[in-house]
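Positions are given from 1, in the same order as the sequence printed here.
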Amino acid sequence: MKPTSSPEEARRLASDIRVFASNCSMHGVGHIFAPGSLSLRRGMWAVAVVLSVVTFLYQVAGRVRYYREYHHQTALDERESHQLVFPAVTLCNINPLRRSRLTPNDLHWAGAALLGLDPAEHATFLRSLGRPPAPPGFMPSPTFDMAQLYDRAGHSLDDMLLDCRFRGEPCGPENFTMVFTRMGKCYTFNSGTDGAELLTTIRGGIGNGLDLMLDVQQDEYLPVWKDDDETPFEVGIKVQIHSQEEPPIIDQLGLGVSPGFQTFISCQQQQLSFLPPPWGDCSSVSLNPNYEPEPSDPLGSPSSSPPYSLMGCRLVCETRYVARKCGCRMMYMPGGAPVCSPQQYKDCAHPAIDAMLRKDACTCPNPCASTRYAKELSMVRMPSRSAARFLSRKLNRSEAYIAENVLALEVFFEALNYETVEQKKAYEMSELLGDIGGQMGLFIGASLLTILEILDYLCEVFQDKVLGYFWNRRHSQRHSSTNLLQEGLGGHRTQVPQLSLGPSPALCSVPEDLPPLPVLSPRLSRRPTAPATLSLGSRPAVCVPGAPPWHPGHV
């Protein structure tokens with residue numbers, strides 16, 4: 001039967017480099033640490049393995065460096081759909097306030113800010129509106145709200161909307177949501193606010209979208225009193241087509257639609273997907289227009305914020321800038337800051353916004369996911385001569401009024417296919433691991449399990465060499481301390497010499513050729529580590545501990 005090895009011997013075998021090399025799955029290691037003396041063959045194998053490992057590490061470093069550069073690529077694709085969500089359509093009359101709704105109180109507070117009027121010009125301006133001047137003893141209101149002014153004096157959709165159809169079905173003002181913009185009071189179709197269901201379309205082309213007929217109400221336009229940056233010279237409607245997630249920035253991105261024309265806007269949906277850092281620079285975190293976080297609701301959950309969008313980020317940036325410069329916000333801006341007074345509009349808010357737009361002070365990253373619409377416009381004159389009389393009877397307006405005030409607008413999808421623009425990682429983690437595995441197999445013939453073998457061998461070496469060294473050192477110290485204790489105890493016993501007659505006496509062996517001696521003189525040695533001796537004349541007898549007792553008859 002083959003004897004089993006002790007745990008110490010097994011550990012020494014596991015930490016032996018030759019034993020490890022003979023069992024390692026890495027190519028070439030067994031040839032380097034083969035039994036025998038050093039030879040040219042073993043040296044060549046060592047050089048080959050070292051060169052392979054260096055080449056492997058160089059390739060791995062290049063792949064890791066390329067991965068940490070976080071490259072991305074953009075993929076453009078076109079997909080088909082059986083149904084698309086119809087975009088939000090925002091409409092604004094270019095004229096912000098109706099002349100028939102202005103009062104002397106409005107001119108007192110907002111005349112200088114909105115129209116550039118001096119107080120001495122109020123009476124003349126009211127006469128140009130066909131309104132009587134302020135009566136004697138007129139007293140303005142103690143406070144004034146710009147948002148209430150635009151809500152009261154802005155154009156009403158009930159008066160502007162002559163006809164509305166979506167996918168051939170009638171619609172009306174109830175399908176629109178009032179919203180404030182920099183152009184004043186505007187209206188958004190299919191806004192999706194307050195949990196309203198978003199409208200969809202299942203076909204493309206004319207007749208399968210939004211069809212509107214609007215009256216711009218030129219007779220309500222304010223007279224051009226002074227030529228300044230805020231004075232509108234145009235007539236018509238501004239239109240912006242956008243997704244439900246982003247607010248309308250219609251003064252910058254709106255399309256102009258003129259009366260006397262029927263305008264067709266063909267749209268194609270584009271879905272954009274960008275990567276966050278470090279591959280890209282997109283963001284999906286909504287910004288708070290207030291400097292301080294908004295208070296939570298009674299249940300403790302934070303107040304909801306709209307999803308992040310590029311236009312929303314710019315609007316929040318403008319809000320913060322105006323609030324910091326002027327201590328207030330304009331009526332269309334979000335947040336909890338107070339609405340600016342007319343004087344603040346004139347002296348601070350409008351100049352601040354214009355300065356921001358000129359120097360492009362807002363830095364907003366692209367949203368990680370967004371929807372935009374490519375648009376194509378075409379138009380034809382309306383009404384025709386044959387249709388003018390019919391529309392005059394239908395709308396109860398003169399033909400001249402219709403030609404100067406009425407417009408038609410159709411917004412529809414060109415087709416139900418849409419484009420996707422998607423940023424993708426050019427080099428994934430799985431590709432990095434695949435490249436490392438391929439280089440490892442090509443140059444050193446190893447795998448992930450080989451790395452585990454090397455780690456296991458290093459653990460055995462550590463346990464045998466390092467931990468074994470400290471264990472042996474501790475064991476030797478304990479053994480030496482035990483010997484010192486025994487020596488101390490032995491020295492104490494020699495102070496009182498006594499002959500031990502216990503169960504294990506010392507055996508004193510005497511050479512057989514000695515004659516019997518009548519006198520036995522025992523002498524104990526005072527060296528505690530030397531064996532006890534019995535002096536028998538000139539030749540001593542050696543006493544062996546643990547031997548049977550001696551008596552004279554043994555000689």
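- Taking 4.5 Å as the limit, every side-chain heavy atom of Asp215 sits out of range of all side-chain heavy atoms of Leu395.
- By the salt bridge (charged side-chain N to carboxylate O under 4.0 Å, His left out) test, Asp151 is found to be paired with Lys185, residues two or more places apart in sequence or in another chain being considered.
- Applying the side-chain hydrogen bond (donor to acceptor under 3.5 Å, both in side chains) test to pairs two or more places apart or on separate chains, those with a residue in residues 137-146 are Asn105-Ser141, Trp109-Ser141.
- Side-chain atoms of Asn190 come within 3.5 Å of backbone atoms of Leu199 as a donor-acceptor pair (strictly under, hydrogens ignored).
- Between Pro140 and Phe138, the closest side-chain pair of non-hydrogen atoms falls below 4.5 Å.
- Atom OH of Tyr58 has 12 or fewer neighbouring heavy atoms from other residues, nucleotides or ligands inside a 6.0 Å radius.
- At a cut-off of 3.5 Å, with distance as the only test, no side-chain donor of Thr371 or Gln269 sits close to an acceptor on the other residue.
- For Glu78, the CD atom sits in a packed shell: over 12 heavy atoms of surrounding residues, nucleotides or ligands are nearer than 6.0 Å.
- In terms of the salt bridge (charged side-chain N to carboxylate O under 4.0 Å, His left out) criterion, Asp281 has no residue partners (sequence neighbours excluded).
- Considering CE of Met213 and NZ of Lys394, their distance stands at 6.0 Å, rounded to 0.5 Å.
- Contact check for Glu318 versus Leu357: side-chain heavy atoms found under the 4.5 Å cut-off.
- With sequence neighbours excluded, no residue forms a side chain to side chain donor-acceptor pair (under 3.5 Å) with Thr181.
- With rounding to the nearest 0.5 Å, the separation of CZ in Arg372 from CG in Leu310 is 10.5 Å.
- Using modelled atom types, no side-chain atom of Asp354 and backbone atom of Pro351 make a donor-acceptor pair closer than 3.5 Å.
- Every pair tested for salt bridge (charged side-chain N to carboxylate O under 4.0 Å, His left out) that includes a residue from residues 186-206 fails, sequence neighbours excluded, so the list is empty.
- Residues that satisfy the side chain to side chain donor-acceptor pair (under 3.5 Å) test with Thr263, not counting sequence neighbours, are absent from this structure.
- Outside the 6.0 Å centre-distance limit, the rings of Tyr332 and Tyr150 are not counted as a close aromatic pair.
- Remark: side-chain polar atoms of Glu419 are not paired, donor with acceptor, to backbone N or O of Leu76 under 3.5 angstrom.
- The backbone N or O of Ser128 lies less than 3.5 Å from a partner atom in the side chain of Arg99, making a donor-acceptor pair.
- Legend: residues meeting disulfide bond (SG atoms under 2.5 Å apart) with Cys267, ordered by chain and number and at least two apart, are absent.
- A donor-acceptor pair under 3.5 Å links the side-chain atoms of Gln244 to the main chain of Phe86, judged by distance alone.
- Here the straight-line distance linking atom CG of Asn175 with atom OG of Ser191 works out to 10.0 Å at 0.5 Å rounding.
- Without hydrogens or angle criteria, Arg167 side chain to Thr201 main chain gives no donor-acceptor distance under 3.5 Å.
- Val406 is not listed as a side-chain neighbour of Arg397, based on a closest heavy-atom distance of 4.5 Å or more.
- Legend: residues meeting side chain to side chain donor-acceptor pair (under 3.5 Å) with Thr103, ordered by chain and number and at least two apart, are Asp106.
- With sequence neighbours excluded, no residue satisfies side chain to side chain donor-acceptor pair (under 3.5 Å) with Gln59.
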Table please: side-chain donor-acceptor pairs of residues 420-428 below 3.5 Å, with sequence neighbours left out.
from   : atom 1 : to     : atom 2 : distance (Å)
Thr420 : OG1    : Asp77  : O      : 3.3
Gln423 : OE1    : Leu275 : N      : 3.1
Tyr427 : OH     : Asp435 : OD2    : 2.5

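- Every residue two or more places apart in sequence or in another chain that forms a salt bridge (charged side-chain N to carboxylate O under 4.0 Å, His left out) with Arg98 is listed here: Asp159.
- Contact check for Cys364 versus Tyr308: side-chain heavy atoms found under the 4.5 Å cut-off.
- Partners of Leu433 according to the side-chain contact (heavy atoms from CB on, under 4.5 Å) rule, which considers only residues two or more places apart in sequence or in another chain, are Met429.
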